[in-house]
*Asks:* 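Take a look at this one; I'll ask things after.
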Amino acid sequence: MLRVRFAPSPTGFLHVGSARTFIFNWLYARHNGGTMVLRLDDTDVERNTEASVNSIFDGLRWLDLGWDEEYKQSERLALHREIAEAIFQKDLAYRDFTPAHVGDAEKSGANQTWLFNPGMRELSRAESDRRAAAGEPFALRFRVPRGLGAEVRFADAVYGEQAKAADDIEDFALLRSDGMPTYHLASCADDVDLKISDIIRGQDHLSNTFKHVLIFEGTQGAGGRAPQFVHLPLLVAPDGSKLSKRRHGPVVSVTTYRDAGFLAAAFMNFLCLLGWSPKDDRTHMTRQELIDAFSLEGINRANAVVNFKETALEAAASAGSATSAANSQAYPEETFDPKALWLNAEHIRALPVDELSARLLPIVQQAGFEVAPEKMLAITPLIRERIKLLRDVLTAADFFFVDPLPAYDSAELIPQKGDMAMAQKALTRGRGVLAQTEFTHDALDHALRGAAQELGLKAGQMFQPIRVAVCGRKNAPPLFETLVVLGRQTTLARVERAIQQIG
RNA sequence: GGCGCUAUCGUCUAGGGGUUAGGACGGAAGAUUCUCAAUCUUCAAACCCGGGUUCGAUUCCCGGUAGCGCUACCA
C-alpha cells in the first residue's frame with residue numbers, strides 16, 4: 001500500500017518549494033491510488049507559530065488538492081520518546097550531558113569535522129544513569145559506528161545509490177535536553193508509525209538521509225522498515241542561491257501567487273515543470289493530465305531556477321513598505337516567472353467563460369466597483385485573451401467599471417496617419433451613426449465601416465478615435481463588442497465628451 | 001574545512017557513443033485583425049573545462065572548476 005506524506009514545519013508561510021513537494025507527493029499518491037498524509041512537523045516549539053499554521057493551510061486549501069489523513073507531530077511525543085527509549089536500550093544512543101551552548105561554541109570555533117562531544121560517548125552506563133537520576137539534563141545522541149569502516153547506504157529513486165562512511169556522520173541528537181524529540185527522530189518515528197512507503201522531499205535532506213537510515217535500522221525491531229527515498233531538486237533564485245524568505249520575500253510565498261491572480265491549476269502546472277518533465281512536448285497540462293503523466297522517472301536532478309526579476313522585487317519592496325497592507329498590485333508582473341505567467345494565461349483562456357467570469361467578479365468587486373454578474377459575463381469574453389493574471393481584469397476592463405472615464409490626452413484621439421481634424425470628423429460622424437444604429441456587432445460593423453468609406457477614411461482611422469473616446473486609451477478589446485456591452489447611452493456620452501474635449 | 005549532490009540555448013527541459021542536439025517560455029522579424037491581445041510562420045540562442053576509453057564523445061570513466069546542500073539540543 002502506497003503512502004506518502006507532506007510534512008511542513010510551521011515556521012513561516014507556505015513556500016513555493018514546499019508547495020511543489022506537496023504537489024509531487026499528491027501526484028504520486030493519486031497516480032498510484034495511494035494515500036496522502038499531511039503531517040505538521042512542529043517539534044520546534046520555539047519557532048512554531050499559529051500564524052504560520054494558518055498560512056500553510058491557506059496555501060494548501062488554495063491549491064485545492066486535499067489530503068487523506070492529517071497529523072500533528074506535537075501530539076505524538078509519547079511515540080517519539082518510546083522510540084528514543086528503544087534505541088537507547090539497544091545502546092544505539094547515549095546521553096550527552098554537555099550543556100548545549102558549550103557544544104556549539106566548540107564546534108563552530110574550530111573549522112573542522114565535529115563528530116561528538118568528547119567524553120560523553122564513553123560514559124559508562126552506571127555513570128550515565130547516576131547523572132540522569134540526579135536530574136542533570138542531557139541530550140540523547142545516536143551512537144554512530146566508529147572506526148569500523150562501516151558505510152551507510154541507501155538507494156534514492158532520483159539520485160541513485162548513495163553511500164557515506166559512518167565516520168563522516170556525527171553523533172546527531174535524537175532528544176533535546178528538554179525531552180523534546182529532534183526533527184530526525186520525530187520524523188523517522190512517525191514515518192515508521194504512519195507506515196509511510198515513500199518519502200518524497202527536498203534534496204536538502206539527501207545528506208540527512210544517512211542519519212535517517214541509521215534510525216530506521218535502529219527501529220527495525222519496532223516494525224520499521226526504511227521507506228523508499230525520493231529527493232527532489234531544489235528551487236533556486238536566478239542567481240542560483242536558494243530561495244530565501246528574507247531576500248526574496250513574496251516570490252517564495254504561495255499566497256503571493258494566489259493574490260496576484262494565478263489559477264491554482266496553472267500554478268500547479270508551472271511548479272510541476274520545475275524539476276520534472278512528462279518527457280514529451282507538453283507544457284500546458286490539466287490536473288488530470290499531470291496525474292496521468294506523473295512518474296518518478298521524470299524527475300530531474302539539477303536545481304531549477306524560478307526566473308523572477310530581482311530588481312522588480314526590490315522596487316516593489318521599497319514601494320510597498322510604506323503601505324504595509326498586503327497589496328498584490330505592488331508586485332509587478334516581473335515578480336513572476338514568465339513561464340508561470342504564460343501558463344496562467346493559457347489556463348485562463350481554457351476556462352469556460354462563465355467560470356472565468358465568476359472568478360473575475362469578486363476581484364472587481366473587491367476593488368470597489370459595482371458590476372452585475374450579467375455584465376461581467378458579457379465583459380469576460382472581451383478580455384480573456386488579454387489578461388495573464390486574474391487581477392489584470394482591473395486594467396483590461398477598467399472602462400467598463402467607471403463612469404465618467406478618467407481624463408485622457410486628446411492627442412490619443414488622433415488616428416494613424418491622421419490629425420485632429422480627422423479625429424473630429426470621425427467622431428462627429430460616429431456620433432450620428434451611433435445614435436441611429438442598432439447596438440449589435442454586425443449592425444455597428446456595417447454602419448461604421450460605411451461611414452468611414454463615405455468620409456474617405458480607412459476603417460482603422462474611423463474606429464480608433466471612437467475607441468479612445470469610449471475606452472480612454474488606444475489599446476482595448478475589439479470595438480463593436482465593446483460598444484455593445486457599454487450600450488448606446490454611455491457610448492454616446494463618451495463620444496460627445498471627446499468631441500467637446502477637442503473643442 | 002569535511003562529506004554529499006549537480007552541470008544541455010537567458011530560463012524550464014528532451015535526448016543520447018555517429019542527430020541539422022528537439023520542444024516550451026522569453027527575445028527578434030513577418031502574416032492576420034479596427035488597436036491591443038490571441039493565433040500562425042520564420043530567425044537568433046546550448047552540450048562547463050581538461051584528460052582518458054573509443055574508429056568516433058555532448059553522451060561512458062577520471063580529474064578540475066563552479067553552484068547547491070548537509071555539517072544545530074532548526075526543520
Side-chain angles (χ1 to χ4, degrees), chain A residues 7-11 41-44 46-48 96 98-101 103-104 107-108 110-115 137-141 156 159-160 162-165 167-170 172-184 186-187 202-211 231 233-234 236 238-242 270 273-284 298 300-307 337-343 345 349 383-388 396 415-416 445 448-449 452 458-464 466-468 471 473-480:
Chain A
S9 68
T11 55
D41 278 8
D42 56 350
T43 52
D44 185 356
E46 300 287 302
R47 303 198 308 157
N48 295 335
D96 181 353
T98 313
H101 57 281
D104 273 352
K107 276 174 268 172
S108 55
N111 201 18
Q112 49 192 234
T113 314
W114 170 87
L115 292 174
F138 62 86
L140 190 70
R141 286 185 184 282
D156 185 90
Y159 291 92
Q162 303 293 316
K164 186 168 184 167
D167 288 333
D168 287 325
I169 302 172
E170 76 280 6
F172 55 95
L174 260 20
L175 247 31
R176 301 184 175 89
S177 45
D178 62 1
M180 285 293 283
T182 61
Y183 160 73
H184 299 305
S187 173
Q203 193 240 47
D204 47 343
H205 285 298
L206 193 61
S207 302
N208 288 330
T209 306
F210 294 105
K211 294 170 195 165
H231 286 93
L234 266 21
V236 298
D239 66 357
S241 68
K242 84 177 213 181
F270 169 67
L273 263 17
L274 256 24
W276 174 82
S277 163
K279 305 268 187 187
D280 53 35
D281 285 349
R282 288 180 294 174
T283 44
H284 177 177
N300 202 13
R301 275 175 291 274
N303 289 170
V305 172
V306 178
N307 199 17
D337 189 307
K339 197 157 198 168
L341 254 7
W342 173 78
L343 272 172
R349 289 193 290 267
I383 60 165
R384 92 196 194 122
E385 285 174 350
R386 274 160 263 263
I387 59 175
K388 292 181 183 157
Q416 279 288 305
D445 187 335
L448 255 14
R449 258 178 226 284
K458 286 184 167 180
Q461 292 175 316
M462 177 79 199
F463 301 163
Q464 195 65 357
I466 297 176
R467 186 199 318 286
V468 174
C471 301
R473 54 186 151 81
K474 286 176 174 168
N475 299 341
L479 187 59
F480 314 127

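Computed from a predicted model, the values in this text were never measured in an experiment. Per chain, numbering begins at 1; letters A, B, ... match sequence-line order.
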*Asks:* Tell which nucleotide pairs with B:C9, taking only Watson-Crick or G-U wobble pairs whose two distances are both under 3.5 angstrom.
*Replies:* none
*Asks:* When you check the phosphate oxygens OP1 and OP2 of B:C68, does a side-chain N or O of A:N303 lie under 4.0 Å from one of them?
*Replies:* no
*Asks:* Of all the nucleotides listed (B:G26, B:C70, B:G15), which has the minimum atom distance to the side chain of A:K279?
*Replies:*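 It is B:G15.
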*Asks:* Could you check whether A:S9 gets within reach of a base, just the sugar-phosphate, or nothing at all, counting any heavy atom under 4.0 Å?
*Replies:*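 Contact class for A:S9: sugar-phosphate only.
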*Asks:* Within the 4.0 Å heavy-atom criterion, would you say A:N300 contacts the bases, only the backbone, or no part of the nucleic acid?
*Replies:*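 Since only primed, P, OP1 and OP2 atoms lie under 4.0 Å of A:N300, the category is sugar-phosphate.
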*Asks:* Before we go on, tell me: are the rings of A:H284 and A:F270 under 6.0 Å apart, centre to centre?
*Replies:*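 Judged by ring-centre distance (under 6.0 Å), A:H284 and A:F270 do not meet the cut-off.
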*Asks:* For B:C73, does either OP1 or OP2 sit under 4.0 Å from a side-chain N or O belonging to A:R141?
*Replies:*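 Yes, within the criterion.
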*Asks:* In whole Å, measure the gap between the P atoms of B:C3 and B:G63 for me.
*Replies:*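 Their P atoms lie roughly 12 Å apart.
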*Asks:* Does A:N208 get its side chain close enough to the base of B:A75, under 3.5 Å, for a donor-acceptor pair?
*Replies:* yes
*Asks:* Who is the Watson-Crick or G-U wobble partner of B:G63, with both distances under 3.5 Å?
*Replies:*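 Base partner found: B:C49.
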*Asks:* If the C1' atom of B:C9 is compared with that of B:C43, how far apart are they to the nearest Å?
*Replies:* 14 Å
*Asks:* Do other residues, nucleotides or ligands put more than 12 heavy atoms under 6.0 Å from A:K164 NZ?
*Replies:*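 Yes.
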*Asks:* Let me know the distance between CZ of A:R301 and C1' of B:G4, rounded to the nearest Å.
*Replies:*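 Rounded to whole Å, this separation is 15 Å.
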*Asks:* Please report, rounded to the nearest Å, how far the P atom of B:C70 is from the NE2 atom of A:H231.
*Replies:* 12 Å
*Asks:* Can you check whether A:K458 has a side-chain N or O nearer than 4.0 Å to OP1 or OP2 of B:C34?
*Replies:* no
*Asks:* From NZ of A:K339 over to C1' of B:C9, roughly how many Å is that when rounded to an integer?
*Replies:*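 Taking NZ of A:K339 and C1' of B:C9, I get 12 Å after rounding.
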*Asks:* Could you give the distance separating B:C60 and B:A7 at their P atoms, to the nearest angstrom?
*Replies:* 9 Å
*Asks:* Figure out the NZ/P separation between A:K164 and B:G2, and round it to whole Å.
*Replies:* 13 Å
*Asks:* Please work out if A:R349 contacts a base, only the sugar-phosphate, or nothing of the nucleic acid, heavy-atom cut-off 4.0 Å.
*Replies:* sugar-phosphate
*Asks:* Using a cut-off of less than 4.0 Å, is there contact between a side-chain N or O of A:T43 and OP1 or OP2 of B:A75?
*Replies:* yes
